[in-house]
Amino acid sequence: MNILAELQNRFRASLAGIGDDPTELVAMVRPSQDPKFGDYQANFAMPLGKRLGRPPRDVAAEIVAKLSVDDFCDPPQVEGPGFINLRLKTSWLAAAVERALASDRLGIEPAAVPRTYVVDYSAPNVAKPMHVGHIRSTVIGDSLKRTLRFLGHRVIADNHIGDWGTQFGMIIYGYKHFLDRAAYQSKAVEELGRLYRLVNRLVGYHEGQETLPKLREQLSAQRAEVAKAAKTPPLGDKGADKNAAKALRRAESISKELASSLAALETSLAEVDRDPALSALARRHPEIARAVLAETAKLHQGDPENLRLWREFLPPCLADIERIYLRLGVTFDYTLGESFYHDRLESVVDDLLRSGIARVSDGAACVFLAGQTTPLIIRKQDGAFLYGTTDLATIEYRVQTWSPDAILYVVDHRQSLHFEQLFAAARAWGYKDLELQHISFGTVLGDDGRPFKTRSGDTVGLGGLLDEAVRRAHQVVSQGDDAKPGGAEISPERRQQIAEVVGIGALKYADLAQNRTSDYMFSYDRMLAMNGNTATYMQYAYARVLSIFSKGEVDAGALRASGAGVDLAHPVERALALSLLQFSEALDQAVAEYRPNFLTAYLFEVANRYSSFFEQCPVLKAPSEASRASRLLLCDLTARTLRQGLELLGIQVVDKM
RNA sequence: GCGCCCGUGGCGCAAUUGGAUAGCGCAUCGGUCUUCGGAACCGAGGGUUGCAGGUUCGAAUCCUGCCGGGCGUACCA
């Protein structure tokens, strides 16, 4: 059951006739922050008293008098300005633990009104290897999928891969001009990746050549402005001088920015110039940017040769990505990429134009939206469609196919403007009852606070990232095992398996534990720390619980069936029990805001309270047979809660580590 | 220029969306080992929540203005 929800129901009844909107008031019932205020508290008496023009404590007393909770709470206390503090009866808590133990869902009821969700996450570009930027979308989306599904909702996990864009034009162009056939035959994906990078680089080189003089011009103009501003003597007027100083600072910072991007461009151009082979290629392919677009356009128009190549490239690329998912334990129900929607795009544009939602401006079909300075463009001047077009077609398809109540897009925050526009356009198009959510998240940063890159400045491949996490986890596991008092007890093969679980778990947990909206500073050392809020600590706590059962030769199932009861005599037993019973609340919270870090915070609390309990309450050597059984039952529920919670994060446990 | 997001002990992050004395982990210092896994537990120090106003019983949270940072900004995705 959900204790908080039950309390809110009781308060709702006692508020009848007093407030005008009990829902709003009832939302002010919540777990207490400090145990001395009880287990839960209601905070609505103060605003309500204000509204009614009565002393809040009187209002609180009146509501308490009408409140019926004596079946599971001690008498409520009114304290301070009008807080209503509630403390659960310990005997009731014990009985609730027994009920949770008997349930294969740990006492968590499925949602009363199941909804249908489409969760759109991961979405890599098929033509490029997955990199560090894909972690967050993949891991957060997968966790949301698991959690919503556990709560009884219908969830469609759809990987909207990029399999139809300019990247394929690049690969096709590369294939036609630069292919190393032997390499392609032995390692197709690697060779395609090389071709992509090569073509991308050549395109960038020529574009850079074009922008270089412009950039230089801009920089010198900006520097002149700075010099002029710096020379202007103060006027003596305080306000004017302040503004002048501000303008100077701004000009300087723009100038600095221009200088650094110019330097970066010059470096990358010089790299090509210094490499004779590369610069020869660049000279031989001056029109490469246009040619790449032409290859893409031919593909989209159904050119047999390009279509054949696309069909040839796709399977090995997908297989490569699939290997990563397999390792991460991430699955999808559908993988409907951009190409899937290709033949629907034209009718989307026609429909929007016909209904007047879109109009042609500067030759492009645009949806102009209230309060937006830029339109959502759905067809370019040259007739090509954009990802906004595909996204609209995708919404249409998803609604037709699954009639979802909500679509969640787990995509980084830089695309927030795009989604704002997309959602507004979709609503204008008629999708008004559909919940459209951009589940945005911040950038993965390195130790230096800059976007996470390798030392040489390349993006970090996801495969290599996983290898490194597992390698480090292996060290941690081996050291721990070697240091055991009775000597090492885990075989080399098993160590490797455990390292995989610990390494991948650490990687996922570190990401999920953070509020997704902020940037995330990546650190192997932090995420594999043995204590603190990490997967490793949680997995360790789990393994410790299990070791009690094996040491005591206790079978958890038999114990549950034995009819033994739970008794919460010690304060830490009670605290642990309360936490265990709040699993349902943590899940509701995580889902309400699509934020897995509420779940990690909850699991960390459980693990901490278990550790305190473990320290202070001997289990196998408990003072009595009844106490031993009761404590074992608490251990059992702790282990199952940790395992279930971690599973909803997509993290596995091991029984020894 | 405009728009969105952010600023919390030395570092990395929380804070149930306006609730009681702002929490946690690293790091620092000090305790607890003949006891179920010490990869643990208990405790201490460390804060004017970027700055200045305002709103009210109450503000890290809401409003205004500054300061500092990130991202985005018509035909890439």
Side-chain angles (χ1 to χ4, degrees), chain A residues 4 27-28 30-34 36-37 41 43-44 46-47 49-50 56 79-83 85 123 125 162 165-167 242 246 249 338 361-366 368 371-382 384-388 390-391 411-418 420 440 442-443 445 449 476-477 479-480 483-486 513-515 517-521 523 525-526 529-534 536-537 539-541 543-549 551-552 585-586 588-589 592-593 597-598 601 604-605 608 611-612 614-622 631 635 656-657:
Chain A
L4 182 60
M28 298 175 80
R30 50 188 58 147
S32 296
Q33 306 234 1
D34 190 323
K36 79 178 176 208
F37 299 130
Q41 61 179 239
N43 301 333
F44 52 66
M46 285 80 80
K50 181 115 199 158
E79 280 161 38
F83 293 105
N85 294 338
N125 271 316
T166 316
Q167 334 86 337
K242 200 176 145 196
K246 194 175 153 187
R249 270 203 309 278
E338 294 169 337
S361 163
D362 278 347
C366 301
F368 287 91
Q372 300 268 356
T373 48
T374 58
L376 178 74
I377 298 176
I378 53 176
R379 193 182 60 208
K380 300 201 287 183
Q381 283 175 330
D382 66 5
F385 303 112
L386 292 113
Y387 76 140
T390 312
D391 284 346
V411 181
D412 78 271
H413 72 281
R414 285 173 303 194
Q415 296 198 35
S416 58
L417 176 62
H418 169 70
E420 224 178 285
S440 77
T443 311
L445 307 176
V476 171
V477 169
Q479 277 166 17
K484 279 177 185 162
Q514 185 139 178
N515 185 336
T517 58
S518 48
D519 287 348
Y520 156 49
M521 196 169 280
S523 157
D525 290 334
R526 255 200 299 278
M530 304 156 184
N531 42 26
N533 190 7
T534 62
T536 318
Y537 176 83
Q539 288 164 327
Y540 173 66
R544 279 206 305 179
V545 187
L546 288 208
S547 90
I548 288 185
F549 283 90
K551 176 126 190 174
E585 291 168 34
D588 284 353
Q589 216 185 337
E593 299 188 31
N597 71 309
F598 284 122
F604 186 50
E605 183 189 81
N608 274 322
S611 286
S612 297
F614 178 81
E615 248 357 89
Q616 296 181 50
C617 299
V619 177
L620 295 176
K621 294 171 188 165
R631 287 174 179 176
C635 288
K656 270 197 171 77
M657 62 187 280

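Every chain is numbered from 1, with letters handed out A, B, ... down the list of sequences.
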So what does A/Gly480 hit on the nucleic acid, given a heavy-atom distance under 4.0 Å: a base, only sugar-phosphate, or nothing? base
Is a donor-acceptor contact shorter than 3.5 angstrom present between the side chain of A/Ser361 and the base of B/A74? yes
Between A/Glu338 and A/Gln616, which is nearer to the 5' end of RNA chain B once each is assigned its nearest nucleotide? A/Gln616
When all nucleic acid strands are considered with a 4.0 Å heavy-atom cut-off, which category describes A/Leu386: base, sugar-phosphate, or nothing? sugar-phosphate
Does A/Asn597 make a side-chain donor-acceptor contact with the base of B/A15, cut-off 3.5 Å? no
Give a yes/no answer on whether the side chain of A/Tyr540 brings an N or O atom under 4.0 Å of OP1 or OP2 in B/C41. no
Euclidean distance for C1', B/C41 against B/U35 (whole angstrom): 14 Å
Ring of A/Phe614 versus six-membered ring of B/A40: centres under 5.5 Å and planes under 30°? no
Ignoring backbone atoms, test whether A/Gln589 places a side-chain nitrogen or oxygen under 4.0 Å from the OP1 or OP2 oxygen of B/U16. no
For A/Leu620 and A/Asp519, find the nucleotide of RNA chain B closest to each by heavy atoms; which residue's nucleotide sits nearer the 5' end? A/Asp519
Give a yes-or-no answer on whether the side chains of A/Ser611 and A/Arg544 include a donor-acceptor pair shorter than 3.5 Å. yes
At under 4.0 Å, does any side-chain N or O of A/Thr374 touch on OP1 or OP2 of B/A74? no
What I want to check is whether an N or O donor and acceptor connect the side chain of A/Glu585 with the base of B/U16 at under 3.5 Å. no
A/Phe83 aromatic ring stacked with six-membered ring of B/G19, 5.5 Å and 30°: no
B/C4 phosphate, OP1 or OP2: any side-chain N/O from A/Ser440 under 4.0 angstrom? no
Phosphate OP1/OP2 of B/C6: any A/Thr517 side-chain N/O under 4.0 Å: no
Will you find, in the side chains of A/Gln514 and A/Asn597, an N or O donor that is under 3.5 Å from an N or O acceptor? no
Contacts of A/Gln167 that satisfy side-chain hydrogen bond (donor to acceptor under 3.5 Å, both in side chains) - sequence neighbours left out: A/Asn125
So which protein nitrogen or oxygen atoms get under 3.5 Å of nucleotides 22-25 of chain B's nitrogens or oxygens?
none

